[in-house]
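What follows is a set of notes on a single structure, which appears directly below.
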Amino acid sequence: MMNRKNLSSFLAVDILAMTVLYLIPDSWGDWQVKKVLIILMALMAVVLIMLITKKKEKENHARITGINSVSQINPGQYISKAGPVCAGTDGRYHVTFLLKDDTQLILSLSGKQAGTLAAGMCGTLVHNGPVFLGFTPEAGKGVS
């Protein structure tokens, strides 16, 4: 399965090859073949860019290690006794996820999205680069 990193590598190689082909003098052969190859490589670059931007990444066994407010407190915003932000707030939060390879991923979430999460939760994180798409808690693995 192709991940974002592999697709990005293919895109870089495609752009480099297209640049080299463009810089080769026309005297090497038929300029029409060169033009067709450059157009095909440009189309390949567009397709790769579309695939990279649509690529959802799924991180199994991700643990939420922190939820921090990054916006001003407003009167409609409150925190429950257990600590997590209550849904319905309109602030922004940075949620830190610890992935299974011990890397941290910090994503910006709305108050409504952050309201369903709590530090210590484990589950499956779905994101598109820096964009949070969803978090499904693992059954039987709540807040620890």
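Model, not experiment: these values are computed from the prediction.
- Contact between G120 and R63 at its shortest, heavy atoms only, is O-NH1, 2.9 Å.
- Residues Y22 and I38 share a closest heavy-atom pair of CA-CD1, 3.8 Å.
- Scored by the side chain to side chain donor-acceptor pair (under 3.5 Å) test, S108 finds R92 as partners (sequence neighbours excluded).
- To the nearest 0.5 Å, atom CD of residue E138 and atom CE of residue M121 are 10.0 Å apart.
- Tested against F135 for a side-chain contact (heavy atoms from CB on, under 4.5 Å), the candidates I64, T124, V126 yield a single pass: I64.
- Closest of all the heavy-atom pairs between M41 and M18 is SD-CA, 3.7 Å.
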Chi angles and distances behind the side-chain contact (heavy atoms from CB on, under 4.5 Å) call for L51, I49: CA-CA 5 Å; L51 287 173; I49 289 170; over 6 Å; no
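- How far CG of D101 is from NE2 of H61: 12.5 Å, rounded to the nearest 0.5 Å.
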Intermediate values then yes/no, side-chain contact (heavy atoms from CB on, under 4.5 Å), E59 and K100: CA-CA 8 Å; E59 309 285 351; K100 64 182 171 186; 5.7 Å; no
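- For I67 against Y93, the heavy-atom pair with the smallest separation is CG2-CD2, 4.1 Å.
- A donor-acceptor pair under 3.5 Å is formed between the side chain of T19 and the backbone N or O of I15.
- One finds the CG atom of L107 at 10.5 Å from the CG atom of N128 (value rounded to the nearest 0.5 Å).
- Expressed to the nearest 0.5 Å, how far CZ of F97 lies from OG1 of T103 amounts to 12.5 Å.
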side-chain contact (heavy atoms from CB on, under 4.5 Å) between Q113 and F132, intermediate numbers included: CA-CA 9 Å; Q113 292 169 320; F132 175 82; 3.7 Å; yes
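- By the neighbour-count criterion of 12 heavy atoms within 6.0 Å, atom CE of M44 is sparsely surrounded, having that number or fewer from other residues, nucleotides or ligands.
- Contact between A114 and L109 at its shortest, heavy atoms only, is N-CD2, 4.1 Å.
- Two residues are said to be in side-chain contact when any heavy atoms from C-beta on lie closer than 4.5 Å; L21 and L37 meet this criterion.
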L98 and L105: CA distance, side-chain angles, deciding distance, side-chain contact (heavy atoms from CB on, under 4.5 Å) verdict: CA-CA 7 Å; L98 181 64; L105 178 63; over 6 Å; no
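- For the atom pair CD (Q104) and OG1 (T96), the distance works out to 6.0 Å, reported to the nearest 0.5 Å.
- K34 places a side-chain N or O within donor-acceptor distance of the main-chain N or O of I24, the cut-off being under 3.5 Å.
- Shown here are the side chain to side chain donor-acceptor pair (under 3.5 Å) partners of D102, two or more places apart in sequence or in another chain: there are none.
- Taking every heavy atom of both residues into account, L125 and A62 meet most closely at CB-CB, 4.0 Å.
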